[in-house]
Protein chains: 2
Amino acid sequence: MAGSKGDKYYNVFLDYRLWLKTISNEGIMGEGCFSLLLEIKNSGSLKEAAEKLEVSYRKAWGIIRKSENMLGFKLVDKQRGGKDGGHSFLTEEGANLMQAYQELKDDIDESIKKVTKKFFHRINHKTLSEN
Amino acid sequence: MAGSKGDKYYNVFLDYRLWLKTISNEGIMGEGCFSLLLEIKNSGSLKEAAEKLEVSYRKAWGIIRKSENMLGFKLVDKQRGGKDGGHSFLTEEGANLMQAYQELKDDIDESIKKVTKKFFHRINHKTLSEN
DNA sequence: ATTCGATATGTTCAATCAAACATATCTGCA
DNA sequence: TGCAGATATGTTTGATTGAACATATCGAAT
């Protein structure tokens, strides 16, 4: 490993997770919240986003609420009632935060990939989106 | 944020965690296990290591056992009985794995620090050992 | 042989986290 | 005005995790 004998590490890989947090250590956004926002952006619906990601509507809604509460502003504009029952879309701030997280994610995936190369003797890694 | 208006992110920072895992996604080593090995190396005792890290002996012992079981080889040589009741020390392989993890950790802390600079508008990060 | 102090390990109890369940609310449209 | 379909939210049940408890084993030294 690390250039030395890495024979024992056939089935080992490097995994990591990334969070935005408040200074009081409360989670604001991780992969779950991020991919929810992404699906909301794509589908215009919290319900569809939850279904796509195979989490309960209740859970998806809770994730968004918690994040919004921590941040103190809205990530998603939600309308209920009406023709199709309702719909959701990202606020401008939601879109901004999403993009920032995406950039961090990409950069860090890239960095980790580089670092991991030094341990190429069987030690691999996953990108965040593979999890 | 990311060069744009980041005024809202005063209290936000970037946190991350790192694991070595088996392909079947079982944890082999994270910060907990790593710092245990470090303390064992320093003190020559699993008991003292556990106390230093303020976890129960039972838990510390379980962490080591799980990791060893996943890997299929010993990280720590443990002797019981004798003058002082017993003692523990790292196997060569334990020391190797520790060092590899340390290098990964350092490199990735460094990488994340760099990446984070692009988001210097209030978005900070912690190194692993700060958690 | 007995003691001492560390390792070894199953068990049980508590707390935390997510899943499931159950309703309620809202509003364009037929 | 009532239906449809999505959002809104409390409650309860279940599962996973870790803390706590209780013993057992080991072997050098006395």
Side-chain angles (χ1 to χ4, degrees), chain A residues 17 19 21 24-37 39-70 74-91 94 131, chain B residues 15 17 19 21 24-37 39-70 73-91 94 131:
Chain A
R17 289 185 193 181
W19 295 273
K21 289 188 174 181
S24 52
N25 214 41
E26 300 273 4
I28 290 174
M29 190 152 85
E31 270 301 290
C33 183
F34 172 78
S35 43
L36 255 179
L37 293 180
E39 290 302 331
I40 289 173
K41 183 182 177 187
N42 291 338
S43 66
S45 159
L46 178 50
K47 182 169 185 282
E48 281 185 44
E51 278 164 4
K52 189 82 173 285
L53 296 175
E54 295 177 88
V55 298
S56 69
Y57 175 87
R58 179 66 183 77
K59 181 176 179 180
W61 175 85
I63 288 171
I64 302 292
R65 180 176 70 168
K66 190 195 170 202
S67 184
E68 290 180 335
N69 285 348
M70 292 297 107
K74 291 284 176 196
L75 295 171
V76 179
D77 251 324
K78 287 166 275 187
Q79 311 283 315
R80 60 179 175 179
K83 184 180 187 308
D84 298 316
H87 54 98
S88 301
F89 52 90
L90 298 188
T91 62
N131 289 323
Chain B
D15 195 9
R17 290 187 194 179
W19 295 273
K21 289 187 174 183
S24 53
N25 214 41
E26 300 273 4
I28 290 173
M29 189 151 86
E31 270 301 291
C33 183
F34 173 78
S35 43
L36 255 180
L37 293 181
E39 290 303 331
I40 290 173
K41 183 183 176 186
N42 291 337
S43 68
S45 158
L46 178 51
K47 182 169 185 282
E48 281 186 43
E51 279 164 6
K52 189 82 173 284
L53 297 175
E54 295 177 87
V55 299
S56 69
Y57 175 87
R58 180 64 181 80
K59 180 176 179 180
W61 175 83
I63 288 171
I64 302 293
R65 180 176 68 168
K66 190 194 170 204
S67 183
E68 289 179 336
N69 285 347
M70 292 297 107
F73 56 86
K74 290 284 175 196
L75 295 172
V76 179
D77 251 323
K78 287 166 276 186
Q79 311 284 312
R80 62 178 173 178
K83 184 179 185 311
D84 299 315
H87 54 97
S88 300
F89 52 89
L90 299 188
T91 62
N131 290 323

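To find a chain, count down the sequence lines: A is the first, B the second, and so on, and within it residues start at 1. Values below: every heavy atom of this structure, side chains too, minus hydrogens, waters and symmetry copies.
Looking at heavy-atom distances under 4.0 Å, A:Arg58 makes contact with a base. Looking at heavy-atom distances under 4.0 Å, A:Gly86 makes contact with sugar-phosphate atoms alone, never a base. B:Gln79 comes within 4.0 angstrom of the backbone, heavy atoms only, and of no base.
Atom P of nucleotide C:dG28 and atom CG of A:Asp84 are separated by 12 Å, given to the nearest angstrom. What separates CZ of B:Phe89 from P of C:dA6 is a distance of 17 Å, to the nearest Å. If you take CD of B:Glu51 and P of C:dT7, they are 9 Å apart, rounded to a whole angstrom. Going from atom CD1 of A:Ile63 over to atom C1' of C:dA18 covers 10 Å, rounded to whole Å.
Mapping heavy-atom proximity under 4.0 Å, the span of DNA chain D touched by chain A runs 5' to 3' from D:dG5 to D:dG10.
Side-chain atoms of A:Arg80 stay outside donor-acceptor range of the base of C:dG28, with no qualifying N/O pair under 3.5 Å.
For A:Gly62 and A:Gly85, each mapped to the nucleotide of DNA chain D holding its nearest heavy atom, the one lying further toward the 5' end belongs to A:Gly85. Between A:Ser56 and A:Gly82, it is A:Ser56 whose nearest contact on DNA chain C lies nearer the 5' terminus.
Residues A:Ile28 and A:Cys33 approach most closely at O-SG, 4.2 Å, considering heavy atoms. The shortest heavy-atom contact between A:Trp19 and A:Gly30 is CD1-CA, 4.0 Å. The shortest non-hydrogen separation linking A:Ile64 to A:Lys78 is CG2-NZ, 4.0 Å. Minimum heavy-atom separation, A:Glu39 to A:Ala49: CB-CB, 3.5 Å.
Looking at B:Ile40 and B:Leu46, their side chains come closer than 4.5 Å, going by heavy atoms from C-beta outward.
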Can you check side chain to side chain contact (heavy atoms under 4.5 Å, CB included) on A:Met29 and A:Leu37, steps first, answer last? CA-CA 10 Å; A:Met29 190 152 85; A:Leu37 293 180; 3.8 Å; yes
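Under 4.0 angstrom from either OP1 or OP2 of C:dC29 there lies no side-chain N or O belonging to A:Lys83. Put simply, B:Ser88 has no side-chain N or O that comes within less than 4.0 Å of OP1 or OP2 on C:dA6.
Ionic pairing of B:Lys52 and B:Glu48 is not present here: no N-O contact between side-chain nitrogen and carboxylate oxygen is shorter than 4.0 angstrom.
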